[in-house]
Amino acid sequence: MPDSAIRRLLEFDHQVQRDRDQSAAFLHRRDRRFALESREKGLSPGPELWLQHIRRLRPPLPTDDPLRQWRHLTTGFALVGLVTGVMAMLGLLFYDGGQRINLTVILAFVLLQCLLAAITTVQAFAGWQPWRWLLRKFSLTGSSSALRPLQPMLMARAAHAGGLMFGLAGLLTLLVLVVIQDLAFGWSTTLDTGSDSYYRLLATLATPWQNLWPAAVPDRDLVDATRFFRSNDRGNADPALWGRWWPFVAMVWSTYVILPRLVLLALAVVHPGLRARRELASHPGMIALQYRMETPALDTGNRHNDAGDQPDTNTSGQLHSLPAGQVLIRWAGAGEPELPDALSAGYRDILAAGGNASLEDDHRIIRQAGQVLAATPNPAVLVVTRSWEPPTGELADFLGEARKAWPATTLIALVPLAAEPDQPPPEHQVSQWLRFADRCGDSHIVVSTPDLASQEARIHRALQHEHRQ
């Protein structure tokens with residue numbers, strides 16, 4: 001089938017359109033399985049095999065031929081060419097017994113046919129569509145998008161079919177008229193052209209068949225004898241010579257009208273198939289299909305997609321009330337330049353560690369605090385931190401060293417402070433400190449968030465509460 005490549009392209013494009021309703025995972029499993037089964041059988045999983053595989057999986061499609069309209073258009077062109085070929089040859093060979101049939105007019109008409117054939121082929125290769133209005137008239141412009149790049153080639157095929165029928169009808173008309181009429185050929189031109197130039201032109205045109213049919217090659221005497229002028233209708237030639245031109249006219253028509261159309265029609269039949277294969281190879285669906293066939297499909301059996309899940313930030317840790325400590329340590333500059341009123345009084349020592357302090361300074365702070373805690377029956381330490389800064393490994397190491405140096409009953413309260421000293425820290429910032437205390441695995445390390453508002457603010461809130469009551 002000459003259009004098998006085109007039909008394969010259209011069927012493939014149609015299936016790609018249908019696959020848009022399927023999930024990507026389903027298509028991947030289906031095509032990957034097909035590729036593996038084909039390779040097990042020693043077959044190359046090409047588009048033809050893939051379409052056969054898909055036909056077995058899907059319900060039968062309507063049997064309408066997608067190229068039916070193009071076949072009708074080609075048939076119409078052929079019929080038009082048949083009718084116009086007869087009419088054109090009748091017009092060229094019209095002879096009323098007066099002026100003879102001018103060979104120059106026939107040669108000019110043949111040249112016009114050659115130009116039309118060349119233009120038709122060029123538009124097919126260039127993709128030029130001056131006849132788009134005709135496609136709209138036959139409702140062919142709304143066809144499948146996959147067929148749209150092939151329209152210039154299909155239109156050229158229809159035009160060459162019409163041209164071929166035009167030439168065959170013209171030749172048949174010529175032969176019929178030769179049999180039933182006494183055609184009187186001659187040649188004439190208004191230009192100042194001698195018989196020598198005209199003879200060389202005809203001899204050149206007759207080169208292709210000079211060995212095949214010598215009688216169809218005009219000789220010099222015939223050219224000289226059949227020239228006529230409008231003031232001398234009959235000329236000086238023997239009337240028997242006027243009919244000797246028909247073999248030449250028949251061969252000129254066959255060689256320069258029919259043969260080019262036949263060759264170009266054969267090319268127009270093959271060209272759409274080649275273009276269809278190229279369009280199929282570069283089809284976006286083909287690229288996606290090859291990817292699915294060559295890439296393993298990962299099937300975990302779990303339909304849950306956890307891409308949108310957020311990390312679990314919940315913690316079992318709970319806030320503790322602020323203990324009555326003996327030592328307060330500002331970690332990494334927290335509480336600078338001034339601690340809130342609730343933390344600035346009641347402590348024997350307020351120390352600083354971490355941040356820019358060296359390890360020797362941290363060890364010195366641990367020893368200094370240990371001396372105070374050792375002399376206390378209920379030792380407790382407050383470590384003030386910045387709530388928005390996540391707990392660091394340096395702080396964990398500091399607490400680990402402190403637990404070794406301080407009394408075992410020492411309660412360590414981590415106190416995260418917000419950026420605004422009179423505001424409590426946000427809940428999500430407190431949560432990271434609760435998780436840190438939980439990871440320490442020490443029940444004596446807790447997190448506390450005391451009421452850090454000023455005394456004036458607490459008095460103001462109390463007055464508002466009494467007024468509402």
Side-chain angles (χ1 to χ4, degrees), residues 306-307 309-340 342-344 347-374 376 378-421 423-452:
D306 60 354
D309 295 350
Q310 297 296 324
D312 184 10
T313 57
N314 296 326
T315 176
S316 59
Q318 300 293 327
L319 287 173
H320 290 68
S321 58
L322 189 69
Q326 296 79 35
V327 177
L328 185 147
I329 300 176
R330 296 184 301 185
W331 178 257
E336 292 180 351
E338 186 177 1
L339 287 169
L343 297 175
S344 59
Y347 297 96
R348 180 175 176 181
D349 290 291
I350 297 179
L351 308 175
N356 296 327
S358 62
L359 290 177
E360 288 77 8
D361 292 337
D362 290 347
H363 292 159
R364 180 178 55 80
I365 294 299
I366 292 175
R367 290 194 297 271
Q368 183 178 350
Q371 294 173 1
V372 175
L373 298 173
T376 306
N378 297 314
V381 177
L382 273 64
V383 179
V384 180
T385 64
R386 293 190 176 104
S387 62
W388 64 93
E389 291 181 351
T392 62
E394 181 184 2
L395 175 60
D397 294 340
F398 177 83
L399 295 178
E401 294 295 330
R403 293 298 299 155
K404 296 176 183 176
W406 295 344
T409 57
T410 303
L411 179 63
I412 302 176
L414 301 174
V415 183
L417 296 180
E420 297 295 334
Q423 297 294 329
E427 183 178 355
H428 68 279
Q429 293 180 0
V430 175
S431 297
Q432 64 179 350
W433 290 100
L434 290 172
R435 293 193 296 273
F436 172 76
D438 186 62
R439 289 197 300 271
C440 290
D442 190 338
S443 60
H444 287 79
I445 298 178
V446 298
V447 179
S448 299
T449 54
D451 184 6
L452 298 177

Compare all side-chain heavy atoms of [X] with those of [Y] and state whether any distance is below 4.5 angstrom.
X	Y	result
L399	L395	yes
V430	S387	no
D362	E394	yes

[X] side, atom [atom1]; [Y] side, atom [atom2] - distance, nearest 0.5 Å:
X	Y	atom1	atom2	answer
D438	W433	CG	CH2	14.5 Å
Q429	R386	CD	CZ	12.5 Å
S448	L414	OG	CG	8.0 Å
L359	R364	CG	CZ	12.5 Å

* **Which atom of A380 lies closest to which atom of Q326, heavy atoms considered** =>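 For A380 versus Q326, the nearest heavy atoms are N-OE1, 2.7 Å.
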* Asked: Any idea which heavy atoms bring A418 and W388 closest together, and the distance?
  -> C-CZ3, 3.7 Å
Pair up each side-chain donor or acceptor in residues 402-409 with any protein partner under 3.5 Å, not counting sequence neighbours, and list the distances.
unit_1	atom_1	unit_2	atom_2	d
R403	NE	D442	OD2	2.8
R403	NH1	T410	O	3.0
R403	NH2	A408	O	3.1
W406	NE1	I366	O	2.9

* **I445, V327, L382, I329 screened by side-chain contact (heavy atoms from CB on, under 4.5 Å) with I412, the one that passes** =>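 Checked I445, V327, L382, I329 against I412; only one passes side-chain contact (heavy atoms from CB on, under 4.5 Å): I445.
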